[in-house]
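This report concerns only the one structure given below.
Quick note: numbers below take in every heavy atom, side chains included, and nothing from hydrogens, waters or symmetry partners. Throughout, protein chains are lettered first and strands after them, A, B, ... in sequence-line order, and every chain is numbered starting at 1.
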Amino acid sequence: MAKETAKTHKEWEKPLLELEDTIAKLREAARREADPVKQANYIEKAETYQEQCNRYVKLMYSNLGDWEKVLVARAEKRPYTLDYIQSIFNGFIELQGDRNGFNDNAIVGGPAEFNGRPVIVLGHQKGRNIQDRQMRNFGMAKPEGYRKAIRLFEMAERFRMPVISFVDTPAADPGVESESRGISEAIAAAMLKMFQLTVPTISVIIGEGGSGGAIGIAVSNRVLMLEHAVYSVIPPEGCAAILWRAPERAPEAAEALQITAKSALSFGIIDEIVSEPEGAAHRDPAGASDLIKEAVVRHLDELLLLSPAELHADRHAKFRKLGKFAETF
Amino acid sequence: MAKETAKTHKEWEKPLLELEDTIAKLREAARREADPVKQANYIEKAETYQEQCNRYVKLMYSNLGDWEKVLVARAEKRPYTLDYIQSIFNGFIELQGDRNGFNDNAIVGGPAEFNGRPVIVLGHQKGRNIQDRQMRNFGMAKPEGYRKAIRLFEMAERFRMPVISFVDTPAADPGVESESRGISEAIAAAMLKMFQLTVPTISVIIGEGGSGGAIGIAVSNRVLMLEHAVYSVIPPEGCAAILWRAPERAPEAAEALQITAKSALSFGIIDEIVSEPEGAAHRDPAGASDLIKEAVVRHLDELLLLSPAELHADRHAKFRKLGKFAETF
Amino acid sequence: MNPSSEVPGLVSLIALRSPASGPDGAFLQCQNCKKIIFSVEFEQNLRVCPHCQHHHRLTAQIRIDWTFDEGSFVEHDTGLSSVDPLGFPDYGKKLEQLNAKGENHDSVLSGTATIEGLKVSAAVCDFAFIGGSMGSVAGEKITRALERGIELKCPVIIFCASGGARMQEGLLSLMQMAKTTGAVEKCRANGIPYIAVFTDPTMAGVLASYASVADVIIAEPKALVGFAGLRVSKQAGVGKVPDDFQTAEFVLKHGMIDRIVSRKELRATLAGLVRTLGGHLLHAEAEA
Amino acid sequence: MNPSSEVPGLVSLIALRSPASGPDGAFLQCQNCKKIIFSVEFEQNLRVCPHCQHHHRLTAQIRIDWTFDEGSFVEHDTGLSSVDPLGFPDYGKKLEQLNAKGENHDSVLSGTATIEGLKVSAAVCDFAFIGGSMGSVAGEKITRALERGIELKCPVIIFCASGGARMQEGLLSLMQMAKTTGAVEKCRANGIPYIAVFTDPTMAGVLASYASVADVIIAEPKALVGFAGLRVSKQAGVGKVPDDFQTAEFVLKHGMIDRIVSRKELRATLAGLVRTLGGHLLHAEAEA
Ligand SMILES: [Zn+2]
Ligand SMILES: [Zn+2]
């Protein structure tokens, strides 16, 4: 099955895209057609195809395999952090810099209003076009990204603002520059800072939850995950390379690693799966935004009932209990 | 007077050094001389010169002019921070790095025992020989030096250790690299961190207290200053260059700026002048160490009677009141 | 080809730094691109050159007028004036001259105001007064402005414009770096947001103290921002000096400031920050 | 010219990573310089090559013997063992095999000990157990070791040696990064000093969590220290890879660790840190 071994979301969605293209052409033809009979014919055909298309979308997205989830989570058209900030928040003011000599564009953040309340919102940001993607380093943050996040966390603490983080990164940047400025320390220090906070914190895995790069800004009181997002300790390609010296066996590795929202929920690692609209977030960004907003509002309202000390203790307790092992006494 | 316009301490001390050289030669001649009469003659001469030399030392150092203080404070032979750490502290373990990608050798520090008590000690470090001087960047710290200091301050706070800092820098490093990594922020952040501390802090200006580079690690409950150290908002050369476009008029500028321990004390900027042995610290490093230790022990004992909150408030109050202005209502 | 040399009769070469902006209908010359600007347009454009977007320096008073709600600024600390504690060459004389000219607010104006209806404590440096240098009076006013934020439970906005410490007050001016930074620490401990705006120039002792430890730092485009004089930096540096060295753009790239904001968007940005970062203070006030 | 090829009969090419160091009188070959070492001398020299000073890897048990006061180490958390939560290919089998071999402490040994008479909580990674990888058991033991420091009011020493997270436990192993870092935060809040020693190798998920946020970080000479595999870093990097990339020397130069300490000075350095940074705990104890 070609579907099973597609390497990109675009490739995997190809039949659907072709069908949509045909529909668009039919509708265009109908629009230009003067003869009402021919026009009705075009429209009828378009509608038949549209029904078929809708059925396909439902079929394809209602039962995604693990590897397909990876493709969807990485989809070029999937809404990114700034899209959700735009649609869910008001008056966002981006703040920049690590105050140590560097600024990273793979993590963005700043104050904004959420549901009428000032919050700090931040997240990994991938790029849309080629230049943007390079400028954002494909959403792979360098140490200065995590240090910017730490600054924002400190600001949130100082001004009693809840923190909402969007997670969407293939991994932290693994280059020589990142190593030389301490990418490991930056990730660890960001996690440590998140543990220190006494304000409500909520993370939403919206696309790729890639390993240390993800957890670095995801140590929150509540961790939500979009239905088709993935969260993994290692990219499936890397896992396949290590296990079988065959990166092309990534789809198998994806299954072995259990990277879906459903398994993350079953292990108690996330608190809730946020449904996506039919055909996934990229086919209805506004719908996805509404669903995210509803879930975050609900969790935030719950957390706002807790005292600062309770919020701190709650977050510690949440992560303290994660892990599966046997113990004999 | 040649004395007045000397540009280095070596130049200024030249007559003394020549005399000492002569004495050394006479003593050596006496040691090698077989004829007891001639020998006695050599020894007698040496002793006469020695008395003369001692008189000179007393004379030269008992009434140093402002510019002479600058020369003495900058003297190549003057004990540096690591010399005092060696002589006054036990079991010093140097800790390094800013945990942000850089390490600076112009500021050194770490835990040690002082008078039987664990403390954090740190300070600017100049170099003795050419390579060492370059490695230490002539005691001019870069941002990473101040960020290392911040790490040490945080450690002191966490583990309830008093902080003792030695100040000895011409200035913070003003180069392109330092600007690009935020030397200004680093100095300001170090001062801010010192204000946050709730442990006793004592700074000792041992040589050059050069402007922002100095105050960055000198915001302490008690600020002591060696008798012949200097403390200034701008190097006299820089001041002369701005005022008169004549850096060579630095001696005049030194007087105008009032850079001596005596004036710092009169403005309430330092708490005590620590006397130096006759002929200044470099002629008796052990004696200088004893005098510093005695003063620091005394001030530390006083501070140890204060609670953490009192130490914090005391430091704020101390700096809050500095400044001279008129106010009408 | 300089238009001013072509039509000299039409051009009024008023120094753009002076508070007087010239009579209506007069022309001015941009300090950066040297092009001619109709002075009414220049004022309407907040003294930003319509040709090259150069942000010309503002006086403290104009800054206040264009930032805060109309008539909302109330000056405080007006009784403070500089003395000459060291008997420094020519300093006393200079202070007398400035006093005689009615320049009696020293290099900082401090007070309270509202911005989009939100209460703030504010301080504005005046570069025209001895290069905006920070002596005892400037340090005291900045410190009081920060403390006033704590007292009134409102955010603090400081517009920086300074060549650095005022060397004529010697070590006392160095101590203002510590004093003002201490006040910032008190703001932090009390949850008071503090926003700094770096205007041209923000240098040396001011940059290396209260300016750089603001919660949020905004700069005007092309503002000079640096620690050491360019000459000193060049002497010290082994490497090449970048073209944008010591500009707002340089420090933004190096993570030392949050944003560069054009003058016409500055007021709204400041109000947005005051509203969000200061939200907890309004909330606490409403509950009290 | 390799001496071992000259005198092959005399050379016992025992793998230096194995716990058995070979019979007395045997010869070994340095893994780094390939020179011949008399095995008794090798042991006396704490498995540091007398020719090139290469620090060969130690087992967790030998590390304990050579660091802490004789017989003072008491192992805790011995009942913990790994399960196969994902049914990951071959993982269950591998665990069974290791169990059968008596390798039942997983990749971390945790316990309490004294060093120069001073009480500490300790954990030591064992690279021999699935590359010292951190799964649920390792994460739990590190967490307990840190918590034990709080409970017993004593400093914590952790010897790191790990390739990273244990991917066979999927996301659960990623969560150990957060869990262990949370325990470090609790130590900080409680004034418990935590000292990490980076031994060869300290990588990836371990480096990017509890290892890097220690109060003091010491590394053994030449230890491999890095976030990503060298191949990945090289692919990602545009610039040149430095010769000392991902070594203890590299991270020291880049300010990420405090000191490189040779094995023979390690014990004294650790004791000195425990004595000074933990001084307030002894003081508090004496007062109680
Ligand atoms: Zn212009
Ligand atoms: Zn060797």
Should the pair C:H105 and C:F129 be assigned to parallel (<30°), tilted (30 to 60°) or perpendicular (>60°) ring geometry?
tilted
Whether C:F250 and C:H254 hold their rings parallel, tilted or perpendicular, with breakpoints at 30° and 60°
tilted
Starting at CG of B:L122, measure out to CD1 of B:I217 and round the result to the nearest 0.5 Å.
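The distance works out to 5.0 Å.
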Roughly how far, to the nearest 0.5 Å, is CZ of C:F198 from CD1 of C:I217?
4.0 Å
Name the region of [X], side chain, backbone, both or neither, that has any atom closer than 4.5 Å to a heavy atom of chain C.
X	result
B:A218	neither
B:R315	neither
B:F329	neither
B:I234	side chain
B:L257	both
B:S232	backbone

Choice from C:F88, C:Y210, C:Y91 maximising heavy atom contacts with chain B below 4.5 Å
C:F88
Among C:D106, C:T78, C:L172, residue most engaged with chain B (heavy-atom pairs, under 4.5 Å):
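Ranked by contacts with chain B, first place is C:L172.
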Which answer fits [X], side chain, backbone, both or neither, if we ask what part of it has an atom under 4.5 Å from a heavy atom of chain B?
X	result
C:P85	both
C:M177	both
C:R166	neither
C:A165	side chain
C:E185	both

Assess whether side chain to side chain donor-acceptor pair (under 3.5 Å) is satisfied between C:K94 and C:Q97, documenting all intermediate values.
CA-CA 5 Å; C:K94 185 159 216 163; C:Q97 286 167 357; over 6 Å; no
With a 6.0 Å cut-off (strictly less than), is the heavy-atom count around NZ of C:K186, excluding the residue itself, greater than 12?
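Yes.
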Less than 6.0 angstrom separating the ring centers of B:H124 and B:F166, yes or no?
no
Residue, of B:V219, B:L192, B:L243, B:I215, that accumulates the most heavy atom pairs under 4.5 Å with chain C
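The residue among B:V219, B:L192, B:L243, B:I215 with the greatest pair count is B:L192.
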Given the options B:R320, B:K324, B:Q258, which has more heavy-atom pairs under 4.5 Å with chain C than any of the others?
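With the most close heavy-atom pairs to chain C, the winner is B:R320.
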Under the salt bridge (Lys or Arg N to Asp or Glu O under 4.0 Å) rule, what do B:E208 and B:K126 come out as? Steps first, then yes or no, please.
CA-CA 10 Å; B:E208 288 185 273; B:K126 294 178 175 178; 2.7 Å; yes
Trace of the salt bridge (Lys or Arg N to Asp or Glu O under 4.0 Å) decision for B:K142 with B:D104:
CA-CA 7 Å; B:K142 294 182 178 168; B:D104 189 43; 5.9 Å; no
Begin from the C-alpha positions of B:D271 and B:K318 and carry the test salt bridge (Lys or Arg N to Asp or Glu O under 4.0 Å) through to its verdict.
CA-CA 10 Å; B:D271 298 280; B:K318 174 192 179 67; 2.5 Å; yes
